Protein chains: 2
Amino acid sequence: MSTIKDVAKKARVAPSTVSYVLTNSKKITEETRQRVIRAVKELNYVPNGVARSMKSRNTYLIGLLLSDVAHHLSFAIAKGVDEVAFKANYNVIFCNTHNESERESQYIRLLEERQVQGIIVASRRTEELTHTYLKSRQIPIVYANRYEPGESVSCVLVDNEAGGYAATKHLVDLGHRKIGFISGPSGRSSSRDRQRGYEQALHEARIPVDRELIRLGEYSVESGYKAMQQLLELRPTAVFAANDNMAIGAVNCIVESGWRVPEDISVVGYDNSIQSTFVHPALTTVDVPLPQVGEVAARILLDEISGRSATPQSIRVKCNLIVRGSSGPVSQSKG
Amino acid sequence: MSTIKDVAKKARVAPSTVSYVLTNSKKITEETRQRVIRAVKELNYVPNGVARSMKSRNTYLIGLLLSDVAHHLSFAIAKGVDEVAFKANYNVIFCNTHNESERESQYIRLLEERQVQGIIVASRRTEELTHTYLKSRQIPIVYANRYEPGESVSCVLVDNEAGGYAATKHLVDLGHRKIGFISGPSGRSSSRDRQRGYEQALHEARIPVDRELIRLGEYSVESGYKAMQQLLELRPTAVFAANDNMAIGAVNCIVESGWRVPEDISVVGYDNSIQSTFVHPALTTVDVPLPQVGEVAARILLDEISGRSATPQSIRVKCNLIVRGSSGPVSQSKG
DNA sequence: ATGAAAGCGCTAACAA
DNA sequence: TTGTTAGCGCTTTCAT
């Protein structure tokens, strides 16, 4: 590996001159510039970024904390983060924490030693420590797709309330008035927000919120199935589930009970998961633009790194309703 | 940020002594060791990895080239790579090439400047240049889940032939003798190998390979459907598709034609994709252990980096047959 | 317009 | 056992 000195020698200039040429940081006569360029080519010289970082004190490196509980979600965020980082000449260090606090703190330590200039946390809640620690270390941090109570840190979230509203409004617009809701595990903000949107859409349509029509699920197909069994007794004409898997469970239950989707009961899910397109009928659902979450998070982080933005900001990315076969107008016989 | 000098001053020792303590690289009296440890704690000292890399000439960094054509595949590999890397104190730089050669070479350049100690390529074939370039740069490289002709480089592949064999053998064992095969796009080695396994299983069972029973698909649901339409005329009792999506298309076609799966026709897919569990009946399929591919690739790379292994090796990871509802014994009426 | 030299934070050979 | 010192490859101030 040749160094800047080798290039300098070959071009018969001082190392500093090579540096000036390579970074365009000073006026250099065209002739010497050419000599340097030629020497660089002949030696296949590639500058040593480690040495450069050492001097300049910035590494152009950011850390990305992910978990592997949901593969495709993590990758989608990572893709968005890398997209923005790459364009700004940053690179992303991939950290799969498994949602284990032990591992999370080990990664944090490694990242800190590496002098990363910022960290994006897209793993689920683990150590509260992490947050305060990074704050004390003055390392810029942005949470992606993770709600962080308190206003002292930037986070990029999905607008689940608007998504829940859109899903429910869609059903209302189709003439439904008796619309069930299957929630995720209690305490999950994603589900809570979707439910809030559901209730808001009902309010707007002057449909009273019936607590009986709201059932607790836990994001699994089975839990959706069970919740639907209970809901069926109340004869809703439509159901909105807080995620696709529960919606699929609901559809299974409806079909096995002898009803049709969407003719008898419409079903809407959430997530626009792969499986939502493979069931029959394909699910009407709400798409969560995770790459965009990653992009926005990276943009905020880079702004904080460069000092362009000092105050933490909280951004919500819009979700899009995807209408497919599982939702339709309320049937006349029941309307 | 405090430096090693600050710690040295506070502990009233020389910087080198601090270094010795921190790296356990020399005998130090317990007393001074404690003084150093205490100073480190009080100052919240974290060593600067950039400076350390500068001296030691190793960065403990590897690059991972991925593409986003199939999210979950890429993430699965990345997870495996990171698992092994993390345990060896390495970190992984995430590079999403989009399978664009332009971007790939930009990443290569960035990684080279960063002095990464090795690169794992899990993106699809793009620039032939990349390979020869990295070779010339003496940067260790391992291909993951990507076939690389020539023996001059390590690669970790999935044993698709054994997988295809297992899938077909499973059908043979169930009594089937007229087994169709739906291939992927011609030229894709993954499909070719699966087909080879299919043919081998037939040979072993002394079932002649009937070219009519082999149909060209292109890995999409629709192509599986179309291929099945043609196959149906030949009345096979079972079909093995080179991936799950085509298998799902085949099932759709079979059911719409009035036959039942698996009672009339058994179907086996490949990939163990999410959707394979969401169709009815759930697909019998072949699981591709991509995290393991990533792990093995990382292990080989680290071996090459440390000089433990010099000769390129080619490893094939075993796939596992997952038996679900879409395959069953050949029906008596037809047998 | 170019060169000389200091120094980023650390490690390691050598000295004491 | 501990300290002194040189130097990794680069950038940048200051001098020429």
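So you know, we letter chains A, B, ... as the sequences are listed, proteins then strands, and number each from 1. Please read these numbers as outputs of a predicted model, since none were measured by experiment.
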* **Distance, rounded to the nearest Å, where B:Lys26 contributes NZ and C:dA15 contributes C1'** => 10 Å
* Asked: What's the CD1-P distance between A:Ile4 and C:dG3, to the nearest Å?
  -> 12 Å
* Determine the contact category for A:Thr23: base if any of its heavy atoms lies under 4.0 Å from a base atom, sugar-phosphate if only primed atoms, P, OP1 or OP2 are that close, otherwise nothing. => sugar-phosphate
* Structure fact -> Taking C:dG3, D:dC10, D:dG7 as options, the one with an atom nearest any side-chain atom of A:Val13 is C:dG3
* Asked: Is it true that B:Glu112 and B:Arg109 make a salt bridge, defined as a side-chain N closer than 4.0 Å to a carboxylate O?
  -> no
* To do: With heavy atoms under 4.0 Å as the rule, sort A:Val50 into base, sugar-phosphate or nothing.
  => nothing
* For A:Ser16, report the nucleic acid contact type (base, sugar-phosphate, nothing); a contact means any heavy atom under 4.0 Å. => base
* **5' priority, DNA chain D, between B:Lys27 and A:Met1 [closest heavy atom]** => B:Lys27
* **Whole-Å gap separating C1' (C:dT11) and CD1 (B:Ile28)** => 13 Å
* Is A:Glu83 paired with B:Arg103 through a side-chain N to carboxylate O contact shorter than 4.0 Å? -> yes
* Is any side-chain N or O of B:Ser19 closer than 4.0 Å to OP1 or OP2 of C:dA12? -> no
* For atom NZ of A:Lys55 and atom P of D:dT13, their distance in whole Å -> 9 Å
* Nearest-Å distance, CG (A:Asn58) to C1' (D:dT12)? -> 15 Å
* For the residue pair A:Phe94 and B:Phe94, does the interplanar ring angle fall in the parallel (under 30°), tilted (30 to 60°) or perpendicular (over 60°) class? -> parallel
* Nearest-nucleotide wise, let me know which of B:Tyr20 and B:Met54 is further upstream toward the 5' end of DNA chain C. => B:Met54
* Asked: So does A:Thr17 get a side-chain nitrogen or oxygen closer than 4.0 Å to the phosphate oxygens (OP1/OP2) of C:dG3?
  -> yes
* Give a yes or no on whether the backbone of A:Tyr60 and the side-chain of A:Gln117 come within a donor-acceptor separation of less than 3.5 Å. => yes
* Atom-pair distance (CZ on A:Arg33; P on C:dT2), nearest Å -> 12 Å
* Short side-chain to backbone donor-acceptor contact, A:Ser25 and A:Val21, under 3.5 Å -> no
* Counting side-chain heavy atoms from C-beta on, which of C:dA1, D:dG9, C:dC10 comes nearest to B:Arg57? -> D:dG9
* Which part of the nucleic acid, if any, lies within reach of B:Thr32 when heavy atoms closer than 4.0 Å are counted: base, sugar-phosphate only, or nothing? -> sugar-phosphate
* Structure fact -> Atom CG of B:Asn48 and atom P of C:dG7 are separated, to the nearest Å, by 18 Å
* Under 4.0 Å between a side-chain N or O of B:Thr3 and OP1 or OP2 of C:dG9? -> no
* Whole angstrom value for the distance that separates C1' of C:dG9 from OH of B:Tyr45 -> 7 Å
* Return no unless some side-chain N or O of A:Arg52 is found under 4.0 Å from OP1 or OP2 of D:dT11. => yes
